[in-house]
Every structure is written in structure tokens, then in C-alpha cells.
Amino acid sequence: MQVRIDGKEIELPAHASYADAARAAGVQDALAARSGGEIRELARPLADEGGIEVLTFADPDGRMVFHHTSTHVMAQAVRRIYPDVRLAIGPADADGFFYDMELSHQLVPEDFAAIEAEMAKIAAENYPVVREVISRQAAIELFSSLGETYKLEIIQRLPEDAQISIYRQGEFVDLCRGPHLASTGPVQAVKLLSVAGAYWAGDESRSMLQRVYGTSFPSAAGLEAHLSMLEEAKRRDHRRLGRELELFTFHDVAPGFAFWQPNGTIVYHELEEFSREVQARYGYQEVMTPWIFRPDLWQTSGHWGHYKQNMFVVESEDEVVALKPMNCPGHCLMYSETVRSYRDLPIKFAEYGPLSRFERSGTLHGLLRVRGFHQDDAHIFLREDQIGSGIAEVLEIIGVIYGTFGLQYRVELSTRPEEFLGEIELWNRAEAELGAALDRAGLPYRVNEGDGAFYGPKVDVHVIDALGRNWQCATVQLDFQFPLRFDLEYRDQDGKAKRPVMVHRAIFGSIERFLGILVEHFAGAFPTWLAPQQTRVLPVADRHAAYAQQVAAGLRALGLRVGSDLRDEKLGYKIRQAQTDKVPYLLVVGDREAAEGSVSVRARGEQASRTLPQAVFAQALQHEARGRALALGAHLVEAEA
RNA sequence: GCUGACGUAGCUCAGUCGGUAGAGCACCUGCAUGGUAAGCAGGAGGUCCCGAGUUCAAAUCUCGGCGUCAGCUCCA
């Protein structure tokens, strides 16, 4: 028969398999195939179809199949070593796989080597992975005899008409939907990464299983590359860099709250100032509102009913009060204090004040998940006819802000959750407005059904960092509820009272969190405008100290952040330290420079240096910092020319 | 919150069998006056997370608490 494989027409005998097809197409390392969006196992016979694609490890679906079989190999190895294991679920995940299991032995990382060795044996033994479809009754009998109670529970949960498949490899059998590799042989390079608890069926009230995470590759080289990427992520960990660069610290007595060290405070303020500057251009008005309120406010806003478990509630003078987790109720109050005209709208209140949310202890994570933080928060009150332009403007600001950091981003639209306030019709309208604004902005987006806030649908923006990781940052939430609950009004053209619409939005999200993401994105090497110290003067010997101080003073007078290293150390030592401190520009000054009033400039990460007159360097640095340039040196090259 | 691991000098970590603690870096002092990623020598630095218990004796063993880490759950 004639089959189109990866775009080429190829003649194959009748009853050929996908493996035959891959071979005929000359693909050596085929893992599976894809046809009409479905993944097909290599051992299966070709179905009657238009065209197929051969999947290798380069394809995400191919990788998924590979990792899926890998986790079966791991389960088989664990069973050989710990026969009392009971298996729950074992899927592929983004970069590897995991298996949830119950066993009497508490696994520790020291056990991994033995399991990996057994996995290598299973790969070398190269068992065919055989799929069988069996009846529900046969499946129940099989897994009962094996004592696999979790598998029995899975079978019971399957719909009546579900096809039940099992996969065998050697002595091992597992309930599984597949798809899988044709044999265990390709699972050559494996690394188990961690073991942690995971609830059975993701249910907090059920038993806790042991989840073993691992990753695997067809070749040792691929595994090595992946492991060094993980190492790189570790090197960039903002908690580590935060301490090394003296940006922030945490203390046992204030879990979930950062101490901002002098260096970190500079970066923090630069971010806040940047936001302030951009938003002022768009007509935002900055405000400051109380951070402790009586429950009345939270009752009006609905937080008392829906969010209280996340709020810090304190007692004072026999009265209960609560720290604000969000600014919106305060801004609504502020809006309602005056009679508003249709001419005033949109009104845009921005606030950078402190927010507190009670987060469960196990969820805290450096700056990325804290209890005390600040947002580049704003609430926009607008007329219904301004919704489209209002949302479009926010999307524009997002582009301006993320562009400055060189961050790519992607967008998601989250719709009505199960627990919600208000009428379904209002929700539908709000969701439609957001979708339309995204379409007009030309931003492709994914829909997250049921993931919206309790008061309205939202657009979430995920930034993509230098390592390709995604972080949820900006959020834009349309809200018909708060105006209703706070009875907000404006006088329309006809003199009648009308209800405004509200937009909640933050671009960084939490400034703390965004800063943490930036630390990892830049690996601590901030662009000049964000760098705590933008330049550092290094005298060659102590007789050059006076000139060094003069150079530093001159730069400081221009508003630049400059340090000087006057210690009795050799130049190489000071340079090394300045590089590890990730200072953008080092200025070496010795006899030559002192004599001609120049500085020898060495940019971060470079070996070469160039000598420039003091004033020329100062001006270039000033331009670079003021312009919030992403890369180092553009103005320097200009200055030299 | 749950499961597991961990908590020793400012940082990274070692500490055997239960016998009162160590290294490197950083810091301080002295020598060296130096030209683009670590000069040499010396010194100081400890509530071994906190609290109980076992023991003649606890960094070490047991229990409880706090915190951190990996994950789960949660995340307007």
C-alpha cells in the first residue's frame, strides 16, 4: 500500500507496522508515530490513513512516549528491589516522568543508584513492551492477584465502556492506557532526581504516596545536557543569588517576609519607579490607602466569605481587624467618596502599598511565594463603552514593560469558576469583552475554563525567561461585582446614575516575585539601570586612591551608583570580586589614567578594556542607565567613535 | 496544612562508636605597592535552630516545637 510518511510517498507491503513505515522512511531512532493527531505505537499495524509522521525524541510527543515507558522501567526496577511496592500512577511530565507508589521502605536519594542500575539492566535486557486489551473482569482478577489496590481503584473509576489495556515487559505488567515504546531497549540514559510525597488521586484527605521523579534520554549526551541545564537553573536560583549579591534575606522570625538589603532595595525601587513613570504617562493616579480594615469592608467586598482563610486577622481593643490582601476594596471606597461624572472616567488608581496574605507554611518559596509583598496594582473605573479601549491600553502597557526586560510572554483567558458571585449573564459578557480585546490586540491566547477569580474573568500573562521557563505575572481582571457590592456610580450625560465597570490589573504582579524572576532571568547580571552598583573604581595601587575617589565622586554627582574598592589588594583580586558581584563596568585607574584624566573601562563579562576620558565615560553610562538599556555598552561604543 | 529530608562560624560544608567542634571562602591585623578573575603570614569568630527527655556525659539518641528544602494540596 501507498503511505505518505513525513511528506514522502512510500510503498509498503500490506499489514506493515508503523515500525516498518519508519524503517522505510529511513528514520533510525523512531519512538512512535503520529497520524491524524493520534500517537501510534510502532508495533501496531498501519491503519487506513492519509499520512503519518515518524516521532523521535526531538518531538514532544515522542519524548512523552519515551518518558512514559521510562517510568514503567523504573516501576519494574523498584518492584525487583522492593517486592512489596504497590503502584498508583506513573505518567510522563514536562521534562521526564514520575511514579507514585506505596512501599514500606522510605526511599531516600541514596537508593537511586541501585534503582538506576536495575533500570539499566532492564534496558539492556531489551524486553518487548506488549500491549493487551483485556476485559474489566480479567483486569480486576489480574490486579487483585498482584495486590495492586490502587490499580483496582483506577479500574473501578473507569467508565463502563472503557477499553482496558495492560502492558507487559518481561515479568512486569502494568495497567496503562499507553502509548509506549516497542521495547525497553532505548531507555539508555536515566537519572532519578528526587522523591517527595504526593496525595493519592491528588486528594488531601487520602493517603500520601512516595513520588519518585526522574528523567531519561536515548543517549548519555542528551542526559548530560539536561542535567547541566538543571545545574544552570540551580546557579540562577534567586534565593542563592539574592544572598550572594546581598539583595535580600529571610529570617526564621518572619517566615514569608523578605528583608530588603541595601542592594535589593535599589533594584526594588528602580522597578517601582519604572512602573510609576510608565503609568503616569497613561494617566494613572497614584494613591495610598490603609492596610488594616474592619471586617465591614471585607464583608462588603466578599473577602470575608471567600478569602478569609488567606487573611491575617488581628485583635486590638476587643475589636477584630484584618490586614489587606488586596487593594481593590480600598480603592472602591475611595472612588465612592466623591460624586463622579462620566467625564471623569476612566479613573485609574495605582498603588504600591503593602499586602499580606496568609499562605500555608509548606507553600512559601523565596520571593516567589511570600506572605508580605507589594504589587504594581491599579484599579480602573470605566464606562461600559470604555471597556475595549481600557483593556487595550493595559495590554499596551504590558508590552512596554516586558519589552524593557527583553521578556517574551504568552496569554491565557480564565473563565467563570465553580464558586462565583453574580449573574451568569454578566460573566458571559465580561468574558466576551476580554476575548475581543485580546483578538484586537492580535495576542493569541489559551482559555482556562473555570480558572477565573470569584468576582470576574481574567487575562493572565506568563513571561518566558532566559531558560524558557514560564511565570505567571501580569493579570487583568474585569469585574462587574465590586461596583455592585460597593454601589459605585457615576453621573451620565443624561444626569442619571450609572454603574461603572472595574478592571483590576497588575503588570509585574507582585514586585517581590517579579524581582525574583528577574534575578533568575538575568542570572543576577542586571542591566545597568537595575544594577545596585553600576560601576566600580579600582585603583591599581594605593597611591591612586585619591584619583579613584575623585572619579567616583564625579560619577556620583551625576546620580550614578558608583563604588570604589580602595582596599590594599592586588588589582586581579579586586577585578575578580567585582566580576562575581556582577558590576556592569569596572574602572581601573593607575598612573596612566591619573595623568591624563581618563579611566580604563572593563565591561562585565569581558576581558578587554578600553580607555576613555572620564567625562565621555560618564555621559555614556548616564545615557545607558537613563535609557534603561538592556545590553551593556551600546553608548560606550558610540562615545568612543 | 500533609509526606520526606535537612538545620554546625557571615557563606558552603566536614564532624567516625555519645566523650563539650573543624576546613575553605569571607572578615580583622601585619608584610608585600601591585596593570585586568584569588600574593604571603598571622588572628578573631560557635546558644552545634529552640525546648524537654535518656545518659556519668548529647552537635550526635528519643519526643515536641520552629524554620528551610523537594513535592503534594492550596493559590482572589
Side-chain angles (χ1 to χ4, degrees), chain A residues 93 98 100 102 106-110 193-213 237 239-240 243-244 246 249-256 298 301-303 305-311 324-329 355 357-366 368-369 371 375 414 417 419-421 451-456 458 472 475 477 479 481-482 504 506 510 538-545 567-581 586-593 600-611:
Chain A
D93 67 7
F98 62 83
D100 286 353
E102 184 180 280
Q106 172 58 52
L107 289 169
V108 289
E110 287 70 41
L193 298 170
S194 65
V195 55
Y199 298 108
W200 165 233
D203 182 344
E204 249 182 305
S205 66
R206 301 295 302 271
S207 53
M208 179 72 78
L209 306 171
Q210 299 190 50
R211 173 173 293 182
V212 181
Y213 284 88
D237 190 313
R239 293 166 296 187
R240 172 203 180 105
R243 194 173 44 240
E244 286 175 1
E246 296 180 28
T249 50
F250 286 91
H251 195 284
D252 283 5
V253 296
W298 307 118
S301 67
H303 283 87
H306 289 81
Y307 204 67
K308 197 178 172 190
Q309 69 283 0
N310 279 299
M311 291 167 67
K324 67 175 170 187
M326 304 176 197
N327 292 310
C328 26
L355 301 174
R357 295 182 191 178
F358 174 76
E359 302 285 359
R360 295 161 94 185
S361 53
T363 64
L364 301 175
H365 183 90
L368 302 184
R369 186 77 177 269
R371 288 177 174 160
Q375 292 183 324
S414 298
E419 235 190 300
F420 66 97
L421 294 176
D451 221 25
F454 69 81
Y455 46 70
K458 59 180 182 176
Q472 206 247 290
T475 178
Q477 305 176 4
D479 183 358
Q481 295 307 317
F482 269 58
H504 310 243
S510 141
L538 311 179
V540 172
D542 60 8
R543 67 173 176 279
H544 309 120
R567 293 175 304 174
D568 273 353
E569 293 290 349
K570 299 180 88 164
L571 183 61
Y573 182 90
K574 296 183 192 178
I575 286 184
R576 178 186 143 77
Q577 174 153 5
Q579 291 289 359
T580 60
D581 288 346
L586 311 187
L587 306 182
V588 173
V589 295
D591 292 330
R592 269 199 313 276
E593 290 77 11
S600 168
V601 184
R602 174 173 165 151
R604 180 176 61 206
E606 281 178 26
Q607 308 280 321
S609 60
R610 65 187 113 203
T611 301

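Atoms considered below: every heavy atom in the structure, side chains included; atoms not considered: hydrogens, waters and symmetry mates. In the text below, chain A, chain B and the rest are named by the order of the sequence lines, each starting its count at 1.
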Hey, does the side chain of Arg357(A) reach the backbone of Pro325(A) with a donor-acceptor pair shorter than 3.5 angstrom?
yes
Do Arg604(A) and Gln579(A) come close enough that some side-chain heavy atom pair is under 4.5 Å?
yes
Under 3.5 Å, is there any donor-acceptor pair linking the side chain of Arg369(A) to the base of C74(B)?
yes
What nitrogen or oxygen pairs link the protein and nucleotides 42-44 of chain B at under 3.5 Å?
none

Taking the side chain of Tyr573(A) as heavy atoms from C-beta outward, which of A26(B), A76(B), U36(B) is closest to it?
A26(B)
Could you check which nucleotide pairs with U55(B) in any of the strands shown, counting Watson-Crick or G-U wobble with both distances under 3.5 Å?
none
Which of these nucleotides, G71(B), A26(B), A37(B), is closest to any side-chain atom of Arg576(A)?
A37(B)
Phosphate OP1/OP2 of C69(B) contacted by Arg239(A) side-chain N/O (<4.0 Å):
yes
For U20(B), does the glycosidic angle fall within 90° of 0 (syn) or outside that (anti)?
syn
Under 4.0 Å between a side-chain N/O of His544(A) and OP1 or OP2 of G35(B), yes or no?
no
Return the pairing partner of C40(B) with a 3.5 Å limit on both distances, Watson-Crick or G-U wobble; otherwise return none.
G30(B)
Specify whether His504(A) and Phe482(A) have parallel, tilted or perpendicular ring planes, treating 30° as the upper limit for parallel and 60° as the lower limit for perpendicular.
perpendicular
Go through the N and O atoms of the side chain of Glu593(A) and the base of G35(B), and report whether any donor-acceptor pair is under 3.5 Å.
yes
Nucleotide of A70(B), G35(B), A76(B) approaching Ala196(A) most closely (side-chain heavy atoms):
A70(B)
Below 4.0 Å: OP1/OP2 of A37(B) and any side-chain N or O of Gln607(A):
yes
Polar side-chain contact Thr363(A)-U73(B) base: donor and acceptor under 3.5 Å:
no
Can you find a donor-acceptor pair, distance only, under 3.5 Å between Tyr307(A) side chain and A76(B) base?
yes
